[in-house]
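Report on the structure given below.
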Number of protein chains: 2
Amino acid sequence: MRPQKIVDKDLLIALTSVFRAKGYEGTSLKELAEATGLKKASLYHRFPNGKQEMAESVFNYMAQWVEEHIFSALNDESFSPEVRLKNGLAQIKTLYAGGKEICILRALSMQAGMDLFEQNISIGLNKWINAFTGVGTALQLSPKKAKEKATQTLIEIQGSLILTKGLNDITIFEKSLQKIENRYLKT
Amino acid sequence: MRPQKIVDKDLLIALTSVFRAKGYEGTSLKELAEATGLKKASLYHRFPNGKQEMAESVFNYMAQWVEEHIFSALNDESFSPEVRLKNGLAQIKTLYAGGKEICILRALSMQAGMDLFEQNISIGLNKWINAFTGVGTALQLSPKKAKEKATQTLIEIQGSLILTKGLNDITIFEKSLQKIENRYLKT
DNA sequence: GTCTATAGCTAGATAGAC
DNA sequence: GTCTATCTAGCTATAGAC
């Protein structure tokens with residue numbers, strides 16, 4: 001067995017950045033090959049089901065990252081709810097590179113991707129809502145209020161990412177995160 | 001001259017619905033031909049620069065619709081600011097089919113589209129912000145507050161469209177519009 | 001495990017008849 | 001103005017050498 005030219009993790013990171021920037025249909029195997037340093041045939045060796053499997057792997061990789069960094073921060077009961085919220089929001093800022101990066105879920109959800117990922121997107125969004133709902137209840141909100149606030153939080157994260165990108169102004173994303181934090185902590 | 005099989009307006013409507021659903025790269029000329037009832041070569045007769053011109057025309061058509069229906073409603077000084085706001089939000093609900101349809105601007109902004117439309121997207125978003133800022137000042141907000149509120153409004157519209165689509169729950173979009181209205185009128 | 005070479009197809013786009 | 005037929009380029013995917 002020849003050694004791998006690039007380990008799985010780095011491979012996934014490279015694939016992620018392309019899919020994130022171009023979407024599913026907008027990404028070609030040629031670009032993926034260039035971004036990873038592997039030839040197309042080698043990509044097929046690593047992902048026998050081709051482009052679709054690459055996108056799915058990217059999706060799963062990001063889902064795991066979110067689980068480990070964001071949800072676990074929001075749910076870490078060894079900290080106060082206030083600290084959990086701050087840590088979670090800080091991780092979210094990292095995930096989106098301060099607003100410069102788009103939501104991978106959204107990048108993959110257009111076009112054919114919608115068919116491929118529709119159910120996983122719904123599941124993923126609900127996990128986000130549940131994570132923020134947990135913080136809300138820890139901050140003494142009623143379950144109903146906590147869920148409403150969590151939904152509103154996600155709306156603002158996604159919406160501010162769109163405006164940040166569309167207006168090319170990362171302060172929009174930063175202000176939104178700050179606003180979200182303030183609104184939780186003022187309760 | 002042979003008669004047109006489909007008038008410009010209907011043609012644009014048909015093209016719009018495909019681009020909206022599939023994005024720019026995700027849309028093929030075959031699909032556009034099927035959706036319009038014209039053959040590919042006929043589409044090239046109507047849009048000599050091909051797919052890109054079709055997307056640009058769709059973009060301009062939607063921009064005009066928004067101008068005539070939404071901005072003019074928000075800015076119609078023959079009504080009170082409260083009524084202008086309500087009318088504008090009602091038109092927005094129509095534009096997005098109550099949350100079932102995505103923002104065309106967003107659909108075209110991924111992938112190669114980002115290069116094609118980047119500047120127009122920024123201009124378009126700013127027009128939205130200005131329109132809502134106008135309503136805010138008419139409601140006695142300071143210019144600064146009015147612009148902040150307008151930006152927040154757009155964030156929530158875009159974000160709620162994403163969650164509505166991702167969770168397949170149109171009540172999210174409806175609730176967000178209601179919330180936006182309440183927040184303006186409570187000022 | 002990675003590579004070169006290529007198959008097979010579909011995309012966007014054009015030529016020219018009617 | 002619309003059509004059939006076709007071109008070319010690029011795509012996803014595979015075969016087989018190393």
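In what follows, chains carry the letters A, B, and so on, assigned in the order in which the sequence lines appear, proteins first and then strands, with residues in each chain numbered from 1. All figures in this text were calculated on a predicted structure; none of them were measured in a lab.
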inquiry  = Could you tell me if the side chain of B:Ser57 sits less than 4.5 Å from the side chain of B:Met54, heavy atoms only?
reply    = no

ask   = Which pairs, with at least one residue in residues 127-155 of chain B and sequence neighbours excluded, count as a ring pair (Phe, Tyr, Trp, His ring centres under 6.0 Å)?
value = B:Phe71-B:Trp128

Residue list, salt bridge (charged side-chain N to carboxylate O under 4.0 Å, His left out) with A:Lys86, at least two apart or on another chain = A:Glu181

key: ring-ring contact (aromatic ring centres under 6.0 Å, His included) partners of A:Tyr44, counting only residues at least two apart   = none

Axial bend angle, the helix from C:dG1-D:dC18 to C:dC18-D:dG1: five-pair end segments, nearest 10° = 0°

Summary of protein contacts for nucleotides 4-18 of chain D, nucleotide by nucleotide, where a base hit scores B, a sugar-phosphate-only hit scores S (4.0 Å, heavy atoms) = B------SBBBB---

query = Looking at A:His45, does any N or O in its side chain come under 4.0 Å of the phosphate oxygens OP1/OP2 on C:dG1?
reply = yes

task = Measure from NZ on A:Lys5 to C1' on C:dG1 and round the result to the nearest Å.
result = 11 Å

ask   = ring-ring contact (aromatic ring centres under 6.0 Å, His included) with B:Tyr61: which residues, sequence neighbours excluded?
value = none

ask   = For B:Lys30, what residues pass the salt bridge (charged side-chain N to carboxylate O under 4.0 Å, His left out) criterion, not counting sequence neighbours?
value = none

task = Report the distance from atom CD of B:Gln4 to atom P of D:dC3, rounded to the nearest whole Å.
result = 12 Å

request  = Using the test salt bridge (charged side-chain N to carboxylate O under 4.0 Å, His left out), find all partners of B:Arg106 that sit at least two apart in sequence or belong to another chain.
outcome  = none

ask   = Tell me, which pairs form a salt bridge (Lys or Arg N to Asp or Glu O under 4.0 Å) where one or both residues lie in residues 5-19 of chain A, sequence neighbours left out?
value = A:Asp8-A:Arg46

